[in-house]
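Chain identifiers are assigned alphabetically (A, B, ...) following the order of the sequence lines, protein sequences preceding nucleic acid strands; residue numbering begins at 1 within each chain.
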Amino acid sequence: MAVKAVKPYRFPPRDTVEKFPAPLLFIGWEDHFMFVAPICVPVPSEAPFQVVIDKVLPEAYGQHPDFARIEWDKVEWFRSGEPFRPDPAKSLKENGLGHKSVIRFRTPGLEGIGGAYF
Amino acid sequence: MDTRLEKKKLSLRERYHLMTRGLGWEPTYQPADKVFPFTTYEGIKIHDWDKFEDPFRLTMDAYWKYQGEKEKKLYAVIDAFAQNNGFLNISDARYLNAIKIFIQGVTPLEYYAHRGFAFAGRHFRGEGLRVACQMQSLDELRHTQTEIHAISPYNRFFNGFHHPRHWFDRMWYLSVPKSFFEDANTGGPFEFLTAISFSFEYVLTNLLFLPFMSGAAYNGDLSTVTFGFSAQSDESRHMTLGIECIKFMLEQDEANVPIVQHWIDKWFWRGYRVLTLVGMMMDYMLPKRVMSWREAWEIYGEQNGGALFNDLARYGIREPAGFRDAIDGKDHISHQAWLTFYTYNPLAAFHTWVPTDAELDWLSAKYPESFDKYYRPRLLYLREQEKAGKPVANKNLPLLCNVCQIPMFFTEPGNPRMICYRESVYEGERYHFCSDHCKAIFDHEPEKYVQSWLPVQQILQGNCFKPGTDPTAPGFDPVAAVLDYYELNVGRDNFWYEGSEDQRNFAAWRAAAQNN
């Protein structure tokens with residue numbers, strides 16, 4: 001479908017990649033609502049995926065008592081909702097992640113505070 | 001000398017006719033299509049504009065008279081409230097945080113409504129509809145002014161009231177109501193009326209007025225409640241315009257039905273999303289509660305809304321596409337929103353808190369299906385951390401829905417453990433949504449929503465710093481720079497209620513009024 005308008009109606013999208021310091025990556029930690037919603041972080045597309053695990057996630061989620069207990073080899077990853085196995089040594093781009101990609105991770109056995117997914 | 005003949009007095013009906021229909025004319029200098037360029041492009045077909053019936057039959061001269069009388073009374077109460085330190089009689093200063101959201105997020109919408117109805121009144125062809133829109137436009141401007149006057153006495157004593165106009169165009173959470181209304185105002189006149197007069201005023205407005213006006217009455221806020229009374233007779237006129245306008249479109253041409261249905265689907269959902277804030281106020285922000293969000297939703301949303309859509313079935317209209325999902329959300333959205341504002345409170349111009357034990361019990365009783373299982377343990381953890389001097393603050397920027405602009409905290413229908421993620425790709429760009437219904441709105445008009453001014457993206461693009469800010473300077477603190485851009489009084493407007501200046505002042509002033 002298209003907008004109905006009295007004149008041609010076309011405007012540039014507001015959030016294209018060149019406007020940001022780096023492409024945006026959205027990340028959600030399943031069963032941990034202390035962080036409310038998925039997070040939004042700029043990460044260079046050449047950065048190895050390991051950077052997400054070593055730097056991005058600790059900064060975002062480090063304050064949660066579950067975070068230190070994560071066993072990274074057991075983590076389940078999802079890309080746009082589909083199961084996916086990132087290669088930590090390869091870049092984000094090589095892992096199929098572009099501007100405004102969304103990934104989620106589940107940490108089996110860790111279901112947040114008070115059994116309430118917090 | 002001739003006997004003078006008394007002129008016969010006009011009947012109400014004749015008078016109404018002359019003062020509305022009699023004011024119109026057919027343009028001759030320019031073709032009508034050029035004078036009214038926006039009446040056909042939306043696809044709505046009108047065969048006889050005179051079929052629009054204005055059931056109130058109010059004329060402009062009577063309008064001024066009634067409104068003038070109402071306002072005299074309103075301003076007498078506002079003056080008395082201010083002179084008698086009425087703010088000391090409210091239930092608790094926590095209550096005022098709901099009023100802060102009102103002046104920050106709702107009052108500017110009244111002004112947008114003023115503009116929207118002025119536009120609709122200018123561009124419709126039929127005089128009946130034009131006059132009704134003109135009056136509503138004036139109502140909305142009056143509501144903007146009277147709300148500001150009713151609420152401004154609090155600005156002399158409390159934080160978070162001083163800069164609402166500036167915040168409305170900048171503050172992250174205010175992009176939710178702002179984008180909602182800008183979406184309506186940038187539609188054509190028929191979509192605007194379906195969005196605001198019908199979906200918002202007719203279907204959802206009781207849910208907005210309930211917490212504010214009954215909430216104000218329950219919590220001793222005489223100033224705001226008197227505003228509510230002065231607006232009430234206007235609101236009933238607005239609701240009538242909403243339903244009459246829908247019936248008019250549906251009766252004029254069968255081809256209008258699918259267009260109107262699509263607008264109802266869209267605007268029911270957009271309005272419902274904005275009301276998330278209202279749910280949170282009802283359940284958390286009124287120290288003396290009126291009813292729970294769930295109860296209000298069941299009465300005004302499910303029952304009244306259900307009856308209305310049954311009634312409209314004879315025109316071929318069904319309930320809005322998101323109706324069932326909205327019902328599913330009633331046990332959750334108010335709690336999810338409050339937890340969001342609590343953990344993001346350092347960035348908001350009002351205060352949040354963990355409810356008292358008695359309030360937690362009230363919530364358990366009102367939400368037997370969800371509260372103890374999902375939300376009480378979360379709030380207890382927040383209380384524990386706050387007591388330990390480490391209140392939980394979220395420093396991450398959240399992913400926002402590209403349509404409603406709310407952080408993506410809503411959960412899957414039927415599964416409150418899992419966040420609802422939806423996405424679309426349009427011309428190579430990826431877009432994210434909180435629900436099937438926000439995604440459907442985008443997919444229908446992607447060219448419109450690729451322009452969304454999403455606060456998180458704007459912060460990351462460097463557009464939310466004051467001119468002259470250098471983000472490359474050593475020790476640059478982006479959060480402080482954004483709060484500076486918002487012109488928030490850090491430490492006074494924001495952070496949690498416990499320990500706030502509002503809390504201290506209210507306790508001290510009330511003690512001074514009650515003791516020697």
Side-chain angles (χ1 to χ4, degrees), chain A residues 1-42 56-57 59-65 78 80-81 98-104 106 111-118, chain B residues 37-38 41-43 188 191 262 336 339-340 343-344 373-378 380-382 390 392-400 402 406-411 416-419 421 423 426-427 429-432 434 443-448 450-454 456-458 460-463:
Chain A
M1 293 301 288
V3 167
K4 285 181 188 161
V6 289
K7 289 181 180 169
Y9 188 96
R10 274 197 81 76
F11 297 92
R14 199 178 286 274
D15 294 328
T16 44
V17 65
E18 74 282 356
K19 295 180 181 156
F20 295 92
L24 301 185
L25 182 62
F26 301 122
I27 311 171
W29 184 7
E30 302 284 86
D31 294 334
H32 290 80
F33 279 91
M34 190 189 290
F35 304 99
V36 174
I39 62 168
C40 170
V41 273
V56 175
L57 297 182
E59 274 178 21
Y61 298 130
Q63 63 173 309
H64 196 290
F78 303 86
S80 285
H99 182 46
K100 294 191 276 181
S101 282
V102 66
I103 56 174
R104 298 186 239 175
R106 180 176 292 137
E111 295 180 350
I113 289 155
Y117 317 115
F118 195 48
Chain B
F38 300 132
Y41 83 92
E42 296 174 274
E191 181 177 358
H262 167 73
Q336 292 166 343
L339 288 160
T340 300
T343 55
Y344 279 107
K373 181 158 189 226
Y374 297 105
Y375 305 111
R376 183 190 278 262
R378 299 181 190 182
L380 289 178
Y381 180 77
L382 294 178
K390 302 178 288 184
V392 174
N394 223 328
K395 57 188 188 320
N396 304 313
L397 293 176
L399 168 55
L400 306 178
N402 208 98
I406 299 177
M408 286 197 9
F409 61 71
F410 295 108
T411 45
R417 183 176 165 178
M418 191 165 260
I419 286 181
Y421 291 78
E423 58 182 80
Y426 175 69
E427 296 191 339
E429 283 284 317
R430 200 179 290 276
Y431 299 89
H432 297 273
C434 69
D443 289 344
H444 192 79
E445 292 181 309
E447 309 94 320
K448 191 165 194 182
V450 300
Q451 305 166 68
S452 294
W453 194 95
L454 299 170
V456 165
Q457 270 84 332
Q458 290 301 310
L460 289 169
Q461 288 180 29
N463 296 334

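- The choice from Gly462(B), Pro398(B), Gly43(B) that makes the most heavy-atom pairs within less than 4.5 Å of chain A is Pro398(B).
- Cation-pi check for Lys100(A) over Tyr431(B) is met; the charged atom lies under 6.0 angstrom from the ring centroid and within 45 degrees of its normal.
- Looking at heavy atoms from C-beta onward, Cys40(A) lies in side-chain contact with Leu460(B) at the 4.5 angstrom threshold.
- Remark: the backbone N or O of Asn396(B) is paired with a side-chain donor or acceptor of Tyr344(B) at under 3.5 angstrom.
- Val36(A) is not listed as a side-chain neighbour of Leu339(B), based on a closest heavy-atom distance of 4.5 Å or more.
- Of the atoms belonging to Lys373(B), it is backbone heavy atoms, and not side-chain ones, that fall under 4.5 Å from chain A.
- In plain terms, the two heavy atoms of Val102(A) and Leu399(B) that are nearest each other are CG2-CD2, 4.4 Å.
- For chain A, the nearby part of Thr411(B) is the side chain; its heavy atoms alone come within less than 4.5 Å.
- You'll find the side chain of Lys4(A) stays beyond 4.5 Å of the side chain of Glu445(B), heavy atoms only.
- Heavy atoms closer than 4.5 Å to chain A are found in the backbone of Glu42(B), but not in its side chain.
- Looking at Phe26(A), the atoms closer than 4.5 Å to chain B (heavy atoms on both sides) all sit in the side chain, from C-beta outward.
- Proximity to chain A is absent for every atom of Gln336(B), based on heavy atoms less than 4.5 angstrom apart.
- Side chain to side chain, Gln461(B) and Asp15(A) meet the donor-acceptor criterion of an N or O pair below 3.5 Å.
- In terms of non-hydrogen atom pairs under 4.5 Å with chain B, the most contact-rich of Val17(A), Ile39(A), Ile27(A) is Ile39(A).
- Note on Lys390(B), Gln458(B), Arg378(B): by heavy-atom pairs under 4.5 Å with chain A, the leading option is Arg378(B).
- Taking Lys395(B), Met408(B), Glu191(B) one by one and counting their heavy-atom pairs under 4.5 Å with chain A, the maximum is reached by Met408(B).
- Counting heavy atoms from C-beta on, the side chains of Trp29(A) and Leu57(A) never come closer than 4.5 Å.
- In terms of heavy atoms, Phe33(A) sits closest to Arg417(B) at CE1-O, 3.4 Å.
- Contacts between Pro42(A) and chain B at a heavy-atom distance below 4.5 Å involve the side chain alone, from C-beta outward.
- Residue with the most contacts toward chain B among Gly98(A), Gly81(A), Ala5(A), Gly112(A): Ala5(A) (heavy-atom pairs, distance under 4.5 Å).
- By number of non-hydrogen pairs under 4.5 angstrom with chain A, the leading residue of Phe38(B), Tyr41(B), Phe409(B) is Tyr41(B).
- No other option in Gly114(A), Pro13(A), Gly115(A), Pro21(A) has as many heavy-atom pairs under 4.5 Å with chain B as Pro13(A).
- Of the listed residues (Glu30(A), Met34(A), Gln63(A)), the greatest number of heavy-atom pairs within a distance under 4.5 Å of chain B belongs to Met34(A).
- Thr343(B) touches chain A through its side chain: at least one heavy atom from C-beta onward sits under 4.5 Å away, while N, CA, C and O do not.
- In terms of heavy-atom proximity, Val450(B) sits nearest to Phe11(A) at CG2-O, 3.9 Å.
- Contacts between Tyr381(B) and chain A at a heavy-atom distance below 4.5 Å involve the side chain alone, from C-beta outward.
- Below 30°, between 30° and 60°, or above 60°: for His32(A) and His64(A) the angle between ring planes is above 60°, a perpendicular geometry.
- Interface remark: Glu59(A) contributes backbone atoms only to the contact with chain B (heavy atom separation under 4.5 Å).
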